[in-house]
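Chain letters run A, B, ... following the sequence lines, proteins first and then strands; every chain starts at 1.
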Amino acid sequence: MTVDATSTDSCEGSATPALLVGVLALQGNFDSHRLRLEALGARVRLIRKVEDLAELQGVVLPGGESTALLRLLDPVLREELTRRILSGLPTLGTCAGVILLAKQVQNPVQESLGLLDVTVSRNAYGRQVDSFIDSELRLTLEGRNFMRQCCTEDTVGTSMQEESLLEGVFIRAPRITAVGAEVEVLIARAQEPVLVREKNVLAATFHPELSERAKLVHALFLANVRRCS
Amino acid sequence: MNAEPLRLKVGLAEMLKGGVIMDVVNAEQASIAEEAGAVAVMALERVPADIRREGGVARMASIEIVENIMRAVSIPVMAKVRIGHFAEAQILEALGVDFIDESEVLTPADEQFHIDKHDFNAPFVCGARDLGEALRRIYEGAAMIRSKGEAGTGNIVEAVRHMRSIVSAVRELSTLDEAALLQKAKEYRTSFELVAKVARDGELPVPLFSAGGVATPADAALMMQLGAQTVFVGSGIFKSEDPAARARAIVKAVTHFRDPGVLLEISRELRGAMPGIETRMLKPEERLQERGW
């Protein structure tokens with residue numbers, strides 16, 4: 001895409017100079033996140049070892065299988081990643097990424113990084129045949145407020161209005177069954193949170209990287225990265 | 001019923017990328033696989049090496065075995081059906097199996113037709129030796145393609161041949177003009193639109209995984225470097241002397257497939273791999289890859 005010098009804070013994510021964000025690439029569909037972030041103007045580094053975390057301005061924990069991801073996250077990388085996120089590194093977790101970030105995981109109970117004050121139930125909609133697409137997700141009032149905090153006035157009116165309805169691809173998705181007091185619900189579906197934020201951490205139980213009509217999620221993440229940089 | 005089931009089916013295949021799918025025959029093996037970091041397990045009654053040795057008709061696993069495995073793990077559970085046996089597939093879908101493998105490892109049920117996979121909400125994976133076979137399966141609705149290799153041999157040579165064949169044929173397509181693509185569609189016995197799409201995108205429209213003969217972390221890294229996006233391991237884990245350690249090592253090898261230092265470290269701890277079979281010594285009727293078309 002063309003990088004417009006005047007739209008530095010754009011929610012389109014166009015960035016001058018380009019932001020450097022990392023995508024955890026141990027397992028899962030990290031490449032779809034990379035493509036989406038690059039299309040929004042960011043530079044992307046795939047993270048497999050602790051050295052790959054250096055200088056990153058933001059990090060994405062993609063979907064995959066949370067049990068496999070936990071096994072592949074070696075102690076050194078895990079410790080440094082946890083430290084960086086705790087100290088404010090803007091973070092986006094999707095699907096299995098949310099399970100890694102959550103304070104509590106159920107169905108079955110499993111350990112996690114404990115960086116987001118939510119309780120998550122795995123595979124809570126059922127098995128693969130129960131996976132679904134919801135094309136009528138929309139931001140809550142809190143979601144719209146967060147968007148305004150991240151984005152400049154002129155971009156709120158255009159790109160965001162157009163994307164006021166988002167498409168959520170839910171694949172063997174987890175459910176957020178409880179949220180802590182500090183957690184904002186940015187998108188809810190049938191009263192249940194599907195996109196939440198706590199401080200620097202954004203988390204979606206669906207797969208924004210798999211839909212052309214969910215670019216808003218990555219745009220919000222990059223806008224937050226820019227705001228924090 | 002989902003309005004766009006194919007996207008959801010391919011979506012799950014995307015989530016399995018960079019992971020290892022392991023053949024298991026009971027709940028205990030399934031738990032070992034999950035604990036080792038498998039992204040999914042393939043539930044079956046006998047691993048390919050045993051099917052090869054014992055012979056007889058190989059069918060869909062018993063419901064009891066599949067159900068026990070589904071109860072034992074939280075990762076996706078796959079199961080195999082015979083080529084063309086859509087009733088076995090209907091039963092597995094009703095059971096809630098997450099992915100169905102229409103597999104040449106089992107005894108084919110239909111000599112003319114593969115399953116019409118568009119009829120199902122459950123995603124399917126199918127084997128292929130070359131691009132034509134892959135595209136015919138995708139046209140029928142497969143959400144994932146795996147190299148066939150020669151299952152149950154512990155010999156990687158066939159999987160390498162199939163992966164190289166598919167990857168180089170995809171590359172060739174992107175250099176062809178429309179008339180040549182039309183010719184290719186005829187040669188591959190599939191739709192021009194599908195051939196043109198692959199030519200345009202430079203890749204298959206569904207993930208490409210590798211199967212058939214993986215026995216070591218090095219085999220897994222080899223297949224990943226040749227273009228596989230994930231590796232199935234059949235007999236290679238539970239027919240080895242050190243299943244849990246080997247499972248963990250192959251999982252790591254798939255993540256760090258371009259890092260020889262890591263591959264060395266994880267290979268160092270392993271003992272005996274499964275005994276292998278020289279595939280050139282197989283009689284034509286013993287070659288599972290010839291099943292399907």
Q: Check whether more than 12 heavy atoms from other residues, nucleotides or ligands sit under 6.0 Å from atom NZ of A:Lys103, and answer yes or no.
A: yes
Q) Which region of B:Ala38, side chain (C-beta onward) or backbone (N, CA, C, O), has a non-hydrogen atom less than 4.5 Å from a non-hydrogen atom of chain A, or is it both or neither? A) backbone
(Q) Heavy-atom pairs under 4.5 Å with chain A: which of B:Pro207, B:Pro123, B:Ala40, B:Ser74 has the most? (A) B:Ser74
Q. So does B:Lys117 have more than 12 non-hydrogen atoms from other groups sitting under 6.0 Å from NZ?
A. yes
**Q.** More than 12 heavy atoms of other groups within 6.0 Å of A:Phe146 CZ
**A.** yes
Q) What residues of residues 73-94 of chain A sit under 4.5 Å from chain B when only non-hydrogen atoms are counted? A) none
Q) With a 4.5 angstrom heavy-atom cut-off, which part of B:Glu35 approaches chain A: side chain, backbone, both or neither? A) both
Q.
I need the full list of side chain to side chain donor-acceptor pair (under 3.5 Å) pairs touching residues 86-99 of chain B, with sequence neighbours left out, sorted by first then second residue.
A. A:Arg127-B:Asp98, A:Arg172-B:Asp98, B:Arg82-B:Glu88
(Q) Using only non-hydrogen atoms and a strict under-4.5 angstrom cutoff, which residues of residues 24-35 of chain A touch chain B? (A) A:Ala25, A:Leu26, A:Gln27, A:Gly28, A:Asn29, A:Ser32
Q: Output yes when a side-chain donor or acceptor of A:Glu65 lies under 3.5 Å from a complementary backbone atom of B:Gly37, and no otherwise.
A: no
Q.
I need the residue from A:Thr67, A:Val169, A:Asn107, A:Leu70 with the largest number of non-hydrogen atom pairs under 4.5 Å to chain B.
A. A:Thr67
Q: Heavy-atom pairs under 4.5 Å with chain A are the metric here; pick the option from B:Gly19, B:Ala13, B:Pro76 that has the most.
A: B:Pro76
(Q) Around atom CD of A:Glu192, are there more than 12 heavy atoms from other residues, nucleotides or ligands closer than 6.0 Å? (A) yes
Q: Would you indicate whether B:Arg171, at its atom CZ, is surrounded by more than 12 heavy atoms from other residues, nucleotides or ligands within a distance under 6.0 Å?
A: no
Q) Looking at B:Val262, B:Leu12, B:Val10, which makes the most heavy-atom pairs under 4.5 Å with chain A? A) B:Leu12
Q: For A:Glu51, look at atom CD and say whether over 12 heavy atoms of other residues, nucleotides or ligands are found less than 6.0 Å away.
A: yes
Q | Residue selection (most heavy-atom pairs with chain A, distance under 4.5 Å) from B:Glu34, B:Met70, B:Arg248 | A | B:Met70
**Q.** Separation of B:Met15 CE from A:Gln128 CD (nearest 0.5 Å)
**A.** 10.0 Å
Q) If you look only at pairs with a residue in residues 10-25 of chain B, which of them pass as a side chain to side chain donor-acceptor pair (under 3.5 Å), with sequence neighbours excluded? A) B:Glu14-B:Lys17
**Q.** Minimum heavy-atom distance between B:Leu8 and A:Ser131, given as atom pair plus value
**A.** CD1-O, 3.4 Å
Q: Let me know if B:Ala36 has heavy atoms under 4.5 Å from chain A in its side chain, its backbone, both or neither.
A: backbone
Q) From B:Thr255 OG1 over to A:Leu72 CG, what is the distance, rounded to the nearest 0.5 angstrom? A) 4.0 Å
(Q) Tell me the closest heavy-atom pair linking A:Leu210 and B:Gly11, and the distance in Å. (A) CD1-CA, 4.0 Å
Q. With only heavy atoms counted, which part of B:Val77 is less than 4.5 Å from chain A, the side chain, the backbone, both or neither?
A. both
Q | Verdict with supporting geometry, A:Lys49 and B:Asp259, side chain to side chain contact (heavy atoms under 4.5 Å, CB included) | A | CA-CA 11 Å; A:Lys49 292 176 150 185; B:Asp259 192 331; 2.6 Å; yes
